[in-house]
Undergrad: 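Got a structure here, written out as structure tokens. Questions coming.
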There are 2 protein chains.
Amino acid sequence: MPDQIQNAFRALADPTRRDIVQMLASQDMTIAQLTDCFDMTRAAVKKHLTVLSDGGLIRVEARGRERINRLEPKGMAPVLDWLSFFDQFWDERLRNLKEAIERKET
Amino acid sequence: MPDQIQNAFRALADPTRRDIVQMLASQDMTIAQLTDCFDMTRAAVKKHLTVLSDGGLIRVEARGRERINRLEPKGMAPVLDWLSFFDQFWDERLRNLKEAIERKET
DNA sequence: CATATTCGATACCATTTGGTTTCATATTTA
DNA sequence: TAAATATGAAACCAAATGGTATCGAATATG
């Protein structure tokens with residue numbers, strides 16, 4: 001719970017994890033399914049999923065012996081909040097993004 | 001120049017570097033000035049500045065023996081571009097939700 | 001000129017990170 | 001029940017990371 005910003009930024013710092021996020025955006029996937037998409041072992045993918053979960057960017061649901069990994073868009077909020085501190089510098093794309101998520105949350 | 005997204009995300013992954021970004025948002029600073037704000041050596045701060053520079057988030061201007069570090073807002077563009085894929089994610093979700101509701105109503 | 005200031009660069013160190021291998025556990029399925 | 005499947009977890013490893021200390025170069029300043 002503490003330092004959610006740090007955990008989220010850290011989760012996004014790895015290219016494999018960003019790829020996982022993109023894949024989960026189009027469909028929920030099990031660990032085995034995700035592993036098929038990468039040139040690494042299931043254990044490595046599992047570690048990435050743990051980091052993503054710590055960052056609040058995904059949530060995992062047990063279904064039988066499988067673990068369904070799905071995106072948790074709300075976890076992106078701390079990142080967007082931090083970035084929004086610089087509205088004066090970055091352009092308005094950020095504001096639009098935030099509004100999109102907040103619309104969904106209500 | 002390659003992998004600007006990765007360099008930018010990596011630059012933002014460290015709390016000290018995010019603090020530096022916040023400080024530079026309010027005013028340009030030399031390395032010595034920044035060092036005064038942290039409990040670490042100038043060499044450590046300099047390394048962070050190098051990572052931030054690699055990420056395109058700051059630019060450094062030599063002025064005499066000093067190096068003025070200033071924010072480079074354009075460097076945030078790759079990050080915001082990547083994050084904007086959530087827009088599409090939400091649009092899709094909302095579309096699916098809408099379809100589900102319409103199916104129910106008929 | 002002599003000295004202090006500001007920075008760059010390197011070597012070095014402990015810890016973290018991203019990966020593997022291996023084995024154990026839980027759940028399907030034949 | 002036995003075997004196959006899907007995962008968890010731990011030990012281990014090389015490389016990256018974040019830090020230090022130290023030396024040297026460039027620039028102000030007395």
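Below, chains carry the letters A, B, ... as their sequence lines are ordered, and counting in each starts from 1.
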Undergrad: Please test A:I20 against A:N69 for side chain to side chain contact (heavy atoms under 4.5 Å, CB included), starting from the C-alpha separation and ending with a verdict.
TA: CA-CA 10 Å; A:I20 291 177; A:N69 299 275; over 6 Å; no

Undergrad: Excluding sequence neighbours, so at least two apart, what forms side chain to side chain donor-acceptor pair (under 3.5 Å) with A:D19?
TA: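 Per chain and number, A:D19 pairs via side chain to side chain donor-acceptor pair (under 3.5 Å) with no residue.
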
Undergrad: Quick one: list whatever passes side chain to side chain donor-acceptor pair (under 3.5 Å) with B:R18, sequence neighbours left out.
TA: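 A:Q6.
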
Undergrad: N/O contacts under 3.5 Å, protein versus nucleotides 13-17 of chain C?
TA:
| residue | atom | partner | partner atom | Å |
| --- | --- | --- | --- | --- |
| C:dT17 | OP1 | A:R10 | NH1 | 3.4 |

Undergrad: How long is the gap from CZ on A:R67 to OG1 on A:T30, to the nearest 0.5 Å?
TA: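 Going from the CZ atom of A:R67 to the OG1 atom of A:T30 covers 11.0 Å.
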
Undergrad: Identify each donor-acceptor pair in which a side-chain atom of residues 37-55 of chain B lies under 3.5 Å from a protein atom, sequence neighbours left out, and give them as a table.
TA:
| residue | atom | partner | partner atom | Å |
| --- | --- | --- | --- | --- |
| B:T41 | OG1 | B:A44 | N | 3.3 |
| B:H48 | ND1 | B:R17 | NH1 | 3.2 |
| B:T50 | OG1 | B:K46 | O | 3.1 |

Undergrad: Could you work out, with salt bridge (Lys or Arg N to Asp or Glu O under 4.0 Å) as the rule, every residue matching A:R59, not counting sequence neighbours?
TA: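 In terms of salt bridge (Lys or Arg N to Asp or Glu O under 4.0 Å), with neighbours along the sequence ignored, A:R59 is linked to A:E72.
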
Undergrad: Could you run down the sub-3.5 Å N/O contacts of the protein with nucleotides 25-30 of chain C?
TA:
| residue | atom | partner | partner atom | Å |
| --- | --- | --- | --- | --- |
| C:dT27 | O2 | A:R65 | NH1 | 3.2 |

Undergrad: Considering residues at least two apart in sequence or located in another chain, which fulfil the salt bridge (Lys or Arg N to Asp or Glu O under 4.0 Å) criterion with A:D36?
TA: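 Expected list: none.
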
Undergrad: Who pairs with A:E66 by side chain to side chain donor-acceptor pair (under 3.5 Å), at least two apart in sequence or on another chain?
TA: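 A:E66 satisfies side chain to side chain donor-acceptor pair (under 3.5 Å) with no other residue.
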
Undergrad: Could you tell me which residues satisfy side chain to side chain donor-acceptor pair (under 3.5 Å) with B:E61, sequence neighbours excluded, listed by chain and number?
TA: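 Expected list: B:R70.
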
Undergrad: For the atom pair CD1 (A:I5) and CG (A:N7), what is the distance rounded to the nearest 0.5 Å?
TA: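 One gets 10.5 Å once the value is rounded to the nearest 0.5 Å.
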
Undergrad: Tell me which pairs pass ring pair (Phe, Tyr, Trp, His ring centres under 6.0 Å) where either residue lies in residues 55-78 of chain A, with sequence neighbours left out.
TA: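 As it turns out, there is no ring pair (Phe, Tyr, Trp, His ring centres under 6.0 Å) pair with a partner in residues 55-78 of chain A once direct neighbours are skipped.
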
Undergrad: Contact class for A:A43 (heavy atom, under 4.0 Å): base, sugar-phosphate, or nothing?
TA: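 Counting heavy atoms under 4.0 Å across all strands, the contact made by A:A43 includes a base.
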
Undergrad: Taking the nucleotide of DNA chain C with the nearest heavy atom to each, does B:N69 or A:M40 sit closer to the 5' end?
TA: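 So the residue in question is B:N69.
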
Undergrad: Give the rounded distance in Å between these two atoms: CZ of B:R67 and P of C:dT5.
TA: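 Result: 18 Å.
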
Undergrad: List the steps and the verdict of side chain to side chain contact (heavy atoms under 4.5 Å, CB included) for A:L12 and B:W82.
TA: CA-CA 11 Å; A:L12 291 174; B:W82 190 89; 4.0 Å; yes

Undergrad: Heavy atoms of chain B, cut-off under 4.0 Å: which first and last nucleotide of DNA chain D, 5' to 3', fall inside that, if you could look?
TA: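 Span of nucleotides near chain B: D:dT17 to D:dA28.
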
Undergrad: Would you jot down, in residue-number order, the residues of residues 44-52 of chain B having a non-hydrogen atom under 4.0 Å from DNA chain D?
TA: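 Within this stretch, B:A44, B:K47, B:H48 sit under 4.0 Å of the strand.
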
Undergrad: Starting from B:I68, can I reach B:L71 by hopping between I/L/V/M/F/W/Y residues whose side chains sit under 4.5 Å apart?
TA: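 No, because B:L71 and B:I68 fall into different hydrophobic clusters, even though each may have its own neighbours under 4.5 Å.
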
